[in-house]
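To start, the structure itself, in structure tokens.
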Amino acid sequence: MKNKDSYGHVRGESLFVDDITVMQGTLHGLVFDASIAHGRIKNIDYSKAENLEGVVRIFTHLDIPGENQIGGIIQDEPLFAENEIHFMGQPIAFIVAESLAIAKKAKSLIEIEVANLPIITKAKEAFEKGLFTNAPRTFKKADVNEGFKKADYIFEGEAFTNGQEHLYLETQASYAYPLENGTIKIISSTQGPTAVQKTIANVLGVAMHSVELEVVRLGGGFGGKEDQATAWAAMTAVAVYHLHVPVKLVLERHDDIRMTGKRHPYHTFYKIGLNKDLKIIAFEADYLQNSGAAADLSPAIAERTLFHGTNSYYIENVRMTVHSCKTNLPPNTAFRGFGGPQGMFVIEAAIAKAAQELNIPAYKIQEANLLQEDDEFSYGQIAKNVLIQKVWNSAKTTFNFDKKSKEIDAFNAKNTALKKGISLMPITFGISFTNTPMNHARALVHIYQDGSVGVSTGAVEMGQSVNTKMLQVAAQSFGISSQNVKIETTNTTRVANTSPTAASTGADLNGKAVQLACTNLVDRLQRVAQEVLELENKSSISFYENYVYVNKKKTSLTWHKLVSEAFIRRVSLSENAHYATPEIHFDKKKEKGHPFAYHVYGTAITTVTLDCIRGTYEFDSVEIIHDFGKSMNLGIDIGQVEGALVQGLGWVTMEEIVYDDKGILRSNSLSGYKVPDVFAVPKIIKTIPFVSDGDDLAILKSKAVGEPPFMYAIGGYFALQNAIAAFNPRYNRKLDAPMTPEKTLLALYGE
Ligand code: MTE
Ligand code: LUZ
Ligand code: MOS
């Protein structure tokens, strides 16, 4: 089945927030934000702006009826700045006017006086000054000092990864309007409708039942709308609270890029100890996470860095600590992989460093340390149904790794202006929110009396095709064709108390809830069929291709007829089901437990050709063996792998976020911030499913796929490093992503 949205998308018929037909009297909002990164507000004069014709009202923190607070995990982030500005782009006021053009004019008339305060943009500086958004977290396994004592080789180094702009096609957006009795309805482009609802209730000082959140779909989220869709929705809600008319806010691209947080940059200090047989016996890391000016999701992201700090390797002695450093950047936030990519980059950097020092290819170290069945992760979970060795071997044989390596050596021996590089990148990614209490979901399924079906869940469609998967689950459970099923919008009045659609768990959690609801309905309908067909029992009854079957034989009773019989017999045709992932637990005091329902495995082989005169490069191929389990929709799942891979290659090669010393974002538009275009995509991307049983905790045994493939791209970074080293043997690898052509050129001719 194709993505249900594909028809609407190519015809331009799919609705996003900005496409909603607005109601009469709708007003337009614009955010007045800080143009400096740190300072004390001495005075703001709104009078000229307020007096402009067409300006309805300018809202500040003084207009907030409840709490001026939007922090999700830690309450450290005001909706509107009060006395102090903490980052460039921080919202100070919300201008509401009859048109956007008027609001823009008004914005230019606001006069602000500030006293500058010292600006910190680098994690390391904040670390040295002791500035943090939240407490550090440490995962320990066995005794790392003892491990280093036993090691034959010890290497130390630093690794950097920069941030990443989400660049969802649809910018942050919200449309809010009053319903009766003080209720406000908000249509928002958010991955977390309940979080937005809860925050708005707190900002307005009203009960959650007075705030209704509705999400149709997102033009991409990638984590950027897991926590950071809230502010914009809250601003429109504050305006509606006071004005009692509809208010719309759609960020323009420059405003969105400037005001929102990004992937966390990391600056990490690591130490790795190996034995003569290349076993990694000890690994230690201090990750300096650049959290920005408020915690946002930093504590949770820090946690996932630790979970994935040892990637696909078994390491006996480990100590890893994340320090969430408070800087004057916009609060950094969730982005596909959620700290996992940052963690995996470091262990791969440490392995690359060791390989260089030992003068061996990195894959020999990788291969000597792959996780085996029943190995213990640093967080205490025992690895079960481990596929990493298998997918690794499969990638090497399927894609002729040995032959390719030799060909590349031969090519490099013959050529001077062009050099090639190759790498292997294994991934092991845990599926579940690492915060155990978040792993639950609900579904509300209605069978209408004409046999058509409406399904509501807490899942948010953002292009990942979760709605198509929900539709498949319902259609398959009922044995009816997919045209009979409609996936409804995500709405907090139909499905409440949801976790955000994130952590790649959307299809699993919501799909399992849909499955449960459908199973209960099937049970009821089987009883009706038993009556109608006058059978002894219902165990022989099944539903298939819109018909009732008995002992696998088609009867004349159709699904539609059966449903109308059930309706006449006053049988409930609606069901609400709740699913909570079984088995998982985690003890945050001991930092041990079983946090993940299962793991997703895979291995990518990447080859690159480097132009050693220009410093430019092209990825020739990325060939992947990926563990989909039993994919319920291979077209969609391969699309996720390819999209994630290219997004990851952007992160490690070309997307360079630049804040200057004053904390001003210089890479603030697409002329200065380059993302992969069609020419940057590897010439060959091959994704071959690794055939396995899947996992019972995955929906229909089809494993989660949203984030894991992002990390294949890390292999692209190291393939490129290898190509540089083939040209410049003196190159002392500075593992600093992204490896832009400029940095590559310097590396080719530097020490
Ligand atoms: N795919 C598209 N097209 N657009 C997106 O915004 N977000 C990614 C991934 N794939 C995203 C996407 C992220 S960050 C996550 S966590 C998952 O989708 C969320 O959806 P799922 O849980 O249904 O996999
Ligand atoms: N969000 C979250 C996530 O709150 N917890 C997680 O573990 C997570 N993992 C990936 C992406 N988003
Ligand atoms: Mo994805 S970073 O979990 O939204």
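For ligands, and for the atoms within them, numbers begin at 1 and follow the listed sequence.
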Which atoms of ligand 1 sit under 4.0 Å from any heavy atom of [X]?
| X | result |
| --- | --- |
| G506 | 21 (P), 22 (O), 23 (O) |
| A503 | 16 (S) |
| A507 | 23 (O) |
| A502 | 16 (S) |
| E707 | 16 (S) |
| G221 | 5 (C), 6 (O) |
| G220 | 6 (O) |

Nearest protein heavy-atom contact for [atom]: which residue, which atom, what distance?
| atom | value |
| --- | --- |
| atom 3 (O) of ligand 3 | A503 N, 2.6 Å |
| atom 2 (S) of ligand 3 | R336 N, 3.2 Å |
| atom 1 (Mo) of ligand 3 | E707 OE2, 3.6 Å |
| atom 4 (O) of ligand 3 | Q191 NE2, 2.8 Å |
| atom 19 (C) of ligand 1 | M462 CE, 3.7 Å |

Using heavy-atom distances only, which candidate in [options] approaches [atom] most closely?
| atom | options | result |
| --- | --- | --- |
| atom 8 (C) of ligand 1 | K225, E170, Q191, R336 | R336 |
| atom 12 (C) of ligand 1 | M470, Q640, Q647, H166 | Q640 |
| atom 7 (N) of ligand 1 | F222, Y168, F335 | F222 |

Cation-pi check, K225 to Y168: give yes when NZ or CZ is under 6.0 Å from the six-membered ring centre and within 45° of the ring axis, no otherwise.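 Yes, cation above the ring, under 6.0 Å and within 45°.
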Tell me whether A502 has any N or O atom under 3.5 angstrom from an N or O of ligand 3.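 Among all N and O atoms of A502, none is under 3.5 Å from an N or O of ligand 3.
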Consider every N or O of S504 and every N or O of ligand 3, then say whether any pair is closer than 3.5 Å.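 There is no such contact.
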Could you point out which residue of D627, N385, D508 forms a side chain to side chain donor-acceptor pair (under 3.5 Å) with Y598?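 Testing Y598 for a side chain to side chain donor-acceptor pair (under 3.5 Å) against D627, N385, D508 leaves exactly one candidate, D508.
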Indicate the ring-plane relationship of H578 and H440, choosing parallel, tilted or perpendicular according to the 30° and 60° boundaries. parallel
Relative to each other, are the rings of F335 and F710 parallel, tilted or perpendicular (30° and 60° limits)? tilted
Any nitrogen or oxygen of Q464, side chain or backbone, less than 3.5 Å from one on ligand 1?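 So ligand 1 has an N or O lying under 3.5 Å from an N or O of Q464.
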Using distance alone, decide if ligand 1 has a nitrogen or oxygen within less than 3.5 Å of any nitrogen or oxygen in G463.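 Yes, there is a polar N/O contact under 3.5 Å.
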Under 4.0 Å between a Lys/Arg side-chain N and an Asp/Glu carboxylate O for K326 and D76?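 Salt bridge flag = no for D76 with K326.
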For R319, is there an ion pair with D286 - N to carboxylate O distance below 4.0 angstrom?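 Counted as a salt bridge, because a side-chain N and a carboxylate O are separated by less than 4.0 Å.
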Could you check if a side-chain atom of Y601 sits within less than 4.5 angstrom of a side-chain atom of K703, using non-hydrogen atoms only?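 When only atoms from C-beta onward are counted, K703 and Y601 do touch, with a gap below 4.5 Å.
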Indicate, as side chain, backbone, both or neither, the part of D508 found under 4.0 angstrom from ligand 1 when only non-hydrogen atoms are considered. neither
Note: E226, heavy atoms under 4.0 Å from ligand 3, region reported as side chain
Under a 3.5 Å threshold, I'd like every N/O contact between ligand 2 and protein atoms, with atom names and distance.
residue, atom, partner, partner atom, Å
ligand 2, 1 (N), E226, OE2, 2.7
ligand 2, 4 (O), E226, OE2, 3.2
ligand 2, 7 (O), R304, NH2, 3.3
ligand 2, 7 (O), T434, N, 2.9
ligand 2, 7 (O), T434, OG1, 3.3
ligand 2, 9 (N), R304, NE, 2.8
ligand 2, 9 (N), R304, NH2, 3.3
ligand 2, 12 (N), E226, OE1, 3.2
ligand 2, 12 (N), A503, N, 3.4

